[in-house]
Amino acid sequence: MALDIFFPARFFIDNTASRSLVVSISLFVSVLCLCIVVGHLFEENRWINESLTAIVIGGIIGTIILFASRGKSSHILRFDEELFFIYLLPPIIFNAGFQVKKKQFFHNFLTIILFGVVGIFISFVIISMGSWKLFPKVGFQGLSTRDYLAIGAIFSSTDTVCTLQVLHQDETPRLYSLVFGEGVVNDATSVVLFNAIQKVDVSEIEQITFHVLGDFLYLFFTSTLLGIAAGLLTAYALKTLYFGRHSTDREIALMALMAYLSYMIAELFQLSSILTVFFCGIAMSHYAWHNVTENSRITTRHIFATLSFIAEAFIFLYVGMDALDIEKWKATKTSSKTCFGIYGILIFLVLLGRAAFIFPLSVLSNYISSRSETALITFKHQVVIWWAGLMRGAVSIALAFSQFTFSGITRDPVYATMITSTIVVVLFTTLVFGILTKPLVNILLPQNTHTRRWKSDDPTLPLVAPEEPATSGLQQARRSLSMLLERPVHTTHTYWRKFDDRRRYKCVYDEHLVPTSGRGV
């Protein structure tokens, strides 16, 4: 009877709902294992990646479930946007920051910010205004001003996984860095922009640009500082307390929990949790990672990458199943002609919005920051960068569910149409554009003519080098503008290196005084 205090009788009662949940989770985990096995079999085939594999398997499983349930459902689990933002997104973004090649990322920081921040605003305006003007022409109405603005943010988010798996990082380091960096900053900017839209008063249409820009800048800088602070605090704790002398498990647990804590604190204070955890990952990989034991270094790399892989597979697997959700398709109540018109408009705006900033901003980047041929973004590279951002993925799906559903369910025909349209655009861009990525890259960048390694210039160069021949005033002004605009990036890099050198010297000096076997520097 005493056991009843701790284990009530109702605990042992066969709860149908709980049993159903256990069965659903077991089935979903089994399908995830299937995705891993199939992805391994296609490892040598660069035409197909994990995203495509998960979507196709999700579609097949969804079809089976649809027939088994006699058309009632195609899901194993019900999607919840909170599940995505609280549990699935943090490991994906943190691993992106933790694994990023920092040298290349910060060497190309100016161009990445141009593409990932300025470019997103251009794409956001084109997609929002384009859908506002063109949707009524195909007979689709009922969206509010906030909905159109949200559509601009939703479809400005990219998924560059397909292109990154085709590019060779060792052969085209600068191009790879631009595609990877722009993809991560793009996702963060899209979410920040989406959250800023939810806060503004859309009735003040004249001032909405200033409100969104102001909120964005505030969220961007405060979230970045919070992430860096969390990473530095973790590094300081690991170095000072030296957890590794007792247990490497504590080191790994502290890094993982501090990263997640930074994400949740950003959510608590309504900041950009994506930016926070991304820069937390960068700070941890640069400082905390070097203050743990060798076993912890190897383990953390694999653990964070594994969590990110599982989260991405989960999302794309669900997208494949959700494409067959009969409830959403029945709730749309929109004619096939109108639906296809919406799909065509959205894909056209994605193509146009992407091209509207990639090519002009590439020319601007070349003009203000090029001092050698290897630093130029060639036209072929511009096409690859443009193509890499045409695919839409997990963030677009999550933002669409957040805007147009409640816990994954919507009864509004207009909102249901937008959900199905988002799924169709994600499937089309991922499958069609993803499959065409390899042949396009092979045509534009043949393996024997890949771009040489890009080397950074000396950050201490003066505004005008004395060895250069006399040039026109316009050319000198251009060169001076280039150095002036790049100087903050190089100056940050220079001070960062000096800080690291002082810290490294101090650590070596301390180790001569007090033996600290196994401690990282």
Side-chain angles (χ1 to χ4, degrees), residues 89-90 92-124 152-161 163-164 167 173-196 212-213 215-228 231 262-263 266 271-283 285-286 308 353-354 356-358 360-362 364-365 369 377 381-382 384-386 388-396 398-399 488-489 492-493:
L89 189 59
I92 296 174
I93 303 300
F94 175 77
N95 183 66
F98 196 78
Q99 304 286 354
V100 69
K101 302 295 182 182
K102 295 178 289 297
K103 184 176 180 180
Q104 284 291 334
F105 180 83
F106 286 103
H107 274 315
N108 298 292
F109 190 72
L110 177 62
T111 306
I112 289 173
I113 291 299
L114 279 176
F115 290 159
V117 178
V118 178
I120 293 308
F121 274 93
I122 296 174
S123 175
F124 162 74
I154 290 169
F155 290 100
S156 292
S157 174
T158 64
D159 180 18
T160 58
V161 172
T163 307
L164 289 175
L167 291 177
R174 186 167 194 248
L175 178 61
Y176 188 96
S177 175
L178 289 175
V179 172
F180 175 83
E182 190 256 336
V184 175
V185 176
N186 172 290
D187 285 344
T189 305
S190 299
V191 175
V192 172
L193 191 58
F194 181 85
N195 291 334
V212 171
L213 183 60
D215 287 343
F216 171 80
L217 292 176
Y218 167 75
L219 292 174
F220 189 92
F221 287 108
T222 54
S223 303
T224 299
L225 291 176
L226 175 60
I228 294 174
S262 71
Y263 185 91
L271 302 177
S272 172
S273 49
I274 288 183
L275 277 175
T276 297
V277 78
F278 174 70
F279 280 97
C280 179
I282 292 179
S285 68
H286 191 70
S308 174
R354 186 83 183 155
F357 74 85
I358 288 295
L361 293 182
S362 296
L364 176 63
S365 176
S369 62
I377 305 176
H381 285 181
Q382 294 174 29
V384 172
I385 296 171
W386 169 73
L390 294 181
M391 279 71 80
R392 295 298 178 264
V395 175
S396 295
L399 294 180
V489 178
T492 302
H493 183 264

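Because the structure is a prediction, the values reported are computed rather than measured.
- Nearest heavy atoms, Ser190 versus Ala153: CB-O, 3.8 Å.
- Evaluation of the side-chain hydrogen bond (donor to acceptor under 3.5 Å, both in side chains) rule for Ser157 yields Asp187 as partners, not counting sequence neighbours.
- Contacts of Phe94 classified as ring pair (Phe, Tyr, Trp, His ring centres under 6.0 Å), with partners at least two apart in sequence or in another chain: Phe98, Phe304.
- Of the inter-residue distances, the one linking Phe221 atom CZ with Leu226 atom CG reads 15.0 Å to the nearest 0.5 angstrom.
- Taking CG of Leu178 as the start and CZ of Phe115 as the end, the distance is 6.5 Å to the nearest 0.5 Å.
- Evaluation of the side-chain hydrogen bond (donor to acceptor under 3.5 Å, both in side chains) rule for Arg392 yields no partner, not counting sequence neighbours.
- Put simply, the side chain of Ile377 reaches to within 4.5 Å of the side chain of Arg174, judged on heavy atoms.
- Leu89 places a side-chain heavy atom less than 4.5 Å from the side chain of Ile274.
- With Ser396 contributing its side chain and Ile154 its backbone, the two residues share a donor-acceptor pair below 3.5 Å.
- Counting all heavy atoms, side chain and backbone alike, Thr189 lies closest to Gly116 at OG1-O, 2.9 Å.
- Within the model, atoms CG of Asn108 and CZ of Phe180 stand 12.5 Å from one another, a figure rounded to the nearest 0.5 Å.
- The side-chain hydrogen bond (donor to acceptor under 3.5 Å, both in side chains) check on Ser223 picks up nothing, with sequence neighbours excluded.
- With sequence neighbours excluded, the residues satisfying side chain to side chain contact (heavy atoms under 4.5 Å, CB included) with Ile122 are Val118, Ile126, Ala356, Phe357.
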Apply side chain to side chain contact (heavy atoms under 4.5 Å, CB included) to residues Leu275 and Leu219 and explain how you reach the verdict. CA-CA 9 Å; Leu275 277 175; Leu219 292 174; over 6 Å; no
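- When all heavy atoms of Ser285 and Gly97 are compared, the closest pair comes out as OG-O, 4.1 Å.
- With Val277 as reference, Ile93 is the one residue of Asn95, Ile92, Ile93 to meet the side chain to side chain contact (heavy atoms under 4.5 Å, CB included) rule.
- Every residue was checked against the side chain to side chain contact (heavy atoms under 4.5 Å, CB included) condition with Ala283, not counting sequence neighbours, and none meets it.
- The CD1 atom of Ile113 sits 11.0 Å away from the CD1 atom of Ile120 when rounded to the nearest 0.5 Å.
- When side chains are defined from C-beta on, Thr276 does not count as touching Thr224, because their heavy atoms never get closer than 4.5 Å.
- Partners of Tyr218 by side chain to side chain contact (heavy atoms under 4.5 Å, CB included), not counting sequence neighbours, listed by chain and number: Thr222, Leu271.
- Ring geometry for Phe124 versus Phe121: interplanar angle over 60°, hence perpendicular rather than tilted (30 to 60°).
- Looking only at distances, a side-chain donor or acceptor of Asn186 sits under 3.5 Å from a matching main-chain atom of Thr158.
- Checking side-chain atoms of Arg354 against main-chain N and O of Ala388 turns up no donor-acceptor pair under 3.5 Å.
- Smallest separation of non-hydrogen atoms from Ile112 and Ser177: CD1-O, 3.8 Å.
- Taking the side-chain hydrogen bond (donor to acceptor under 3.5 Å, both in side chains) definition, one finds that Ser123 meets it with Ser156, sequence neighbours left out.
- In this structure, the side chain of Gln382 does not engage the main chain of Ile358 through any donor-acceptor pair within 3.5 Å.
- Atom OG in Ser272 sits 10.0 Å away from atom CZ in Phe279 (nearest 0.5 Å).
- Partners of Phe220 according to the ring pair (Phe, Tyr, Trp, His ring centres under 6.0 Å) rule, which considers only residues two or more places apart in sequence or in another chain, are Phe216.
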